[in-house]
Amino acid sequence: MPSKAKTGKKLVIVESPAKSKTIAKYLGEGFIVEASIGHIRDLPQPSDLPAELKKTSVGKFAVDIENDFKPYYVVSPDKKKKVAELKAQLKDADALYLATDGDREGEAIAWHLLEVLKPKVPVYRMTFGEITKEAIHRAMDNLRDVDSALVDAQETRRILDRLYGYEISPVLWRKVARGLSAGRVQSVVTRMVVDRERERMAFKSASYWDLTGQFGTGSATFKAKLAAVDGAKVASGRDFNDDGVLTSANAVHLNDELATSLAAGLENADFRVRSVDTKPYTRRPAAPFTTSTLQQEAGRKLRFTSKSTMQIAQRLYENGYITYMRTDSSALSDEALTAARRQAAELYGPEYVPQSPRVYANKAANAQEAHEAIRPAGDSFRTPAQVANHLTGDAFRLYELIWKRTIASQMGDAKGSTATIRLGAVATDGRDAEFSASGTVITFPGFLAAYEEGKDESRGDDDSDEARRLPNVAKDDSLTASDIIAIGHETSPPPRYTEASLTAELEKRGIGRPSTYASTISTIQDRGYVRKQGSALVPSWIAFSVIRLLEQHFTDYVDYEFTADMEGDLDKIANGQAVGAAWLKHFYYGEDADPGLLSIVNNLGEIDAREINSVPIAEGITLRVGKFGPYLESSIPTVDPKTGEVVESARANVPEDLAPDELTAAKAVELMETAAPRNASWARTRTPDTPWLPRTADTAPTSLRSSRR
DNA sequence: CAGTGAGCGAGCTTCCGCTTGACTT
């Protein structure tokens, strides 16, 4: 066999196969572009370690906790084939270019490739923020070495997550239930959902009343709302706190009676315009999509789950319709800016495009910006009409959303004016009532011509800033009045998170990464911490127990700032100001006053499982999380009337679909009463004067039969 | 179903982040 001659080609390795095709095109002859398809090595499951290692200091985490936290890496089973292919390609190449993403994880992938492929040819690290011919060639002119400090930072992050998850999860198995898990990201996310439910449980609703009326001059009428009585502002939803207490000192709180009598007293009153105030209105377009904002907006406008949004986006990306869909950057490349501005001008006219391109600053904490924003691919965008024949239902709708958002982001502000009319009259009882109405008129739609961002369900009063035109009126004009009615309102608790609003919050706080938002939300559902009720995320009672334990014993680890603090430290490692191994040593074994994770876990002392799994619900009634789910227990001893026996406690099941905030004291009593017959005595002693028909196996069918006849 | 428990104690569960297919339901 003749000895194999080198092809003289250069091997370039990127992360994503879809990217590799485009890059190959730009680099041309002489280059072979391959993809690693993400990470190629990772820490194995400790159970998969070779037997001889299991007994050593590596055995617990696949990290040597006694020797500078040296990780024990293995090539991931599903990457063995890929690695073999890359090795074969490298044999024929005369240079290797590691072109993985320009962020912390990408740097680590480059290093792992280096470790596994052991190239004998020159190796260069290259990075680019966008996939254009210019950017790729610029990257070729700015080659460097793999940044070992940045790799150290990634490795530290990886090991920290293993130590955190695999040290704390077993505590939950022992104290709450088997199979549970804790982690730097999932535990904080679960805590957010639990905290929101706690706020809802503690929430006390307040009721307040106001008036609306129809006012007008001749034929034109408009609706206005009571704003002030005798010069004092009328209290509305935002004037109450979550305890149902009025917090605005100068506001008048109208109840049913006061509002109804005022409405009656205004029936024939002489209403006049008191002021007309006009203010200019401008609104700016939203930034181009990041992973997080795409998931939110697709959730709001298209009702997609985060998971399905990502699946559809992946297909669009692979087929060349959009740019990369896992990104935390809202920046557009120069090529995209030009394309968006040109297309906006063509479709809407040059006056719709501002003089200079709009630049969006990144709002998210810890953004790494290895890619540009999510936008239509290419240097001239295909319009939705042009792709309509190639894309089916959901894919088309997602493309259209991305296209609109991108175009709109480079269009001018919407301009108009907001008019506010204040009008009033004196009621028959002498009270002065002032109403107000406002309406916005858009004189130049700007970006609104292309796209408007959706809104999340808002709290409190319904927004009256709708785009409506108010009639032309002037001060002291007399107005007709009709339909003056009193309306009662109740303040509402903070809304539950949805996938979309939770993702937004995670991005804002810098918790998790674009590639994991969707899977994190799946994880907390798979573990039974959270379930979806419609689009709302509702925590389980198990989650309450878990979070309570973590808050009490691992306070710092479930702090909302934990990840942000970690990122700060990792930055120091990436800058060479700190070393990963020393940082991990501090984290795991402690330092000075800080005990470290290991000693916390080893010195938990007596965690009273019963206490952790209990939540007081009402006087004498406690919710407990047991082996078979949550149940209610009453601690009020009662005497069984038949046997004369003292019953120490009674129990009742809690329905699966009952959200924690729906388990009020009254509901708990009701559940105890309708539980098993043995609780009958409990119910009778508790509410002696209420006649109560036990719904037992004996009585229920009878009553059903009789009621049906 | 039954509720933090007698004794012995095997074997099991778990993290985050980067990427796609190859699987089943």
Side-chain angles (χ1 to χ4, degrees), chain A residues 13-20 35-47 60-63 76 78-79 81-82 100-101 103-110 112-113 154-189 310-311 314-315 317-318 324-327 368 370-371 511-520 523 526-527 545-546 557 563 566 597 606-614 622-633 648-653 675-676 678:
Chain A
I13 303 179
V14 297
E15 288 182 40
S16 151
K19 262 186 225 175
S20 68
S36 72
I37 319 181
H39 274 290
I40 56 160
R41 287 204 304 184
D42 192 15
L43 301 174
Q45 292 302 334
S47 57
K60 194 166 168 189
F61 301 111
V63 171
S76 313
D78 57 333
K79 294 295 166 52
K81 206 176 134 201
K82 180 44 82 179
T100 49
D101 293 352
D103 57 13
R104 196 165 64 210
E105 297 295 328
E107 202 70 18
I109 294 174
H112 280 294
L113 285 166
Q154 189 277 344
E155 189 166 81
T156 305
R157 195 278 307 155
R158 177 67 190 93
I159 295 170
L160 161 81
D161 284 330
R162 174 57 66 87
L163 297 175
Y164 184 129
Y166 280 34
E167 195 65 77
I168 301 181
S169 296
V171 176
L172 301 180
W173 305 342
R174 293 198 298 272
K175 295 297 173 184
V176 186
R178 50 171 296 149
L180 297 180
S181 62
R184 172 176 58 86
V185 172
Q186 59 165 290
S187 294
V188 176
V189 176
M310 293 312 284
Q311 278 170 351
Q314 175 88 30
R315 283 210 309 276
Y317 163 69
E318 284 169 7
Y324 199 56
M325 66 283 152
R326 286 185 281 266
T327 177
Q368 305 212 359
H371 306 92
I511 298 168
R513 304 281 313 134
S515 64
T516 60
Y517 295 141
S519 62
T520 298
T523 299
D526 293 346
R527 296 279 172 272
S545 297
V546 166
Y557 300 80
T563 291
M566 176 199 78
L597 182 59
E606 286 303 299
I607 293 185
D608 185 350
R610 198 176 160 81
E611 207 259 320
I612 278 290
N613 291 309
S614 301
T622 306
L623 180 125
R624 296 191 196 286
V625 178
K627 238 186 291 181
F628 308 101
Y631 65 99
L632 286 169
E633 190 174 65
E648 285 298 331
S649 61
R651 299 195 181 86
N653 279 327
R678 61 187 280 224

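Just so it is clear, the values below take in all heavy atoms, side chains as well, and ignore hydrogens, waters and symmetry mates. Chain identifiers are assigned alphabetically (A, B, ...) following the order of the sequence lines, protein sequences preceding nucleic acid strands; residue numbering begins at 1 within each chain.
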Worksheet item: Which range-with-range stems can be found for DNA chain B when each stem has 3 or more Watson-Crick or G-U pairs in a row and both distances sit under 3.5 Å?
Response: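 Stem list for DNA chain B: empty.
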- request: Only pairs at least two apart or in different chains count here, so list each side-chain hydrogen bond (donor to acceptor under 3.5 Å, both in side chains) that has a residue in residues 173-183 of chain A.
  value: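 Of all non-adjacent pairs touching residues 173-183 of chain A, those that pass side-chain hydrogen bond (donor to acceptor under 3.5 Å, both in side chains) are Ser181(A)-Gln186(A), Ser181(A)-Arg527(A).
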Residues in salt bridge (charged side-chain N to carboxylate O under 4.0 Å, His left out) contact with [X], at least two apart in sequence or another chain:
| X | result |
| --- | --- |
| Arg41(A) | none |
| Arg158(A) | Asp42(A) |
| Glu107(A) | Arg125(A), Arg144(A) |
| Arg184(A) | Asp161(A) |

What nucleic acid atoms does [X] come within less than 4.0 Å of, heavy atoms only: base, sugar-phosphate, or nothing?
| X | value |
| --- | --- |
| Gly106(A) | nothing |
| Arg157(A) | base |
| Gly179(A) | base |
| Leu180(A) | sugar-phosphate |
| Ser181(A) | sugar-phosphate |
| Ala108(A) | nothing |
| Val625(A) | base |
| Gln154(A) | nothing |
| Arg513(A) | sugar-phosphate |

Could you walk me through whether Arg162(A) and Glu167(A) satisfy the salt bridge (Lys or Arg N to Asp or Glu O under 4.0 Å) test, starting with their C-alpha distance in whole Å, then the side-chain angles of each, then the deciding distance to 0.1 Å, before giving a yes or no? CA-CA 8 Å; Arg162(A) 174 57 66 87; Glu167(A) 195 65 77; over 6 Å; no
For [X], what residues pass the side-chain hydrogen bond (donor to acceptor under 3.5 Å, both in side chains) criterion, not counting sequence neighbours?
| X | value |
| --- | --- |
| Glu15(A) | none |
| Asp101(A) | Lys19(A), His371(A) |
| Ser169(A) | none |
| Tyr324(A) | Arg326(A) |

- Query: So, does Tyr164(A) use its side chain to make a donor-acceptor pair with the main chain of Tyr557(A) at under 3.5 Å?
  - Reply: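 It does hold such a pair.
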(Q) Using a 4.0 Å cut-off on heavy atoms, which residues in residues 37-45 of chain A reach DNA chain B? List them by number, or say none. (A)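 Within residues 37-45 of chain A, the residues near DNA chain B are Ile37(A), Gly38(A), His39(A), Asp42(A), Gln45(A).
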Pick the closest DNA chain B nucleotide for Arg184(A) and for Tyr317(A) by heavy atoms, then say which residue is nearer the 5' end.
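In this pair, the answer is Arg184(A).
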*Residue met sooner reading DNA chain B from 5', once Tyr164(A) and Ile109(A) are mapped to nucleotides*: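 Mapping each residue to its closest nucleotide by heavy atoms, the 5'-most match is Tyr164(A).
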5' to 3' on DNA chain B, which nucleotides open and close the contacts with chain A (atom under 4.0 Å from a heavy atom)?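 The footprint of chain A covers dA2(B) to dT20(B).
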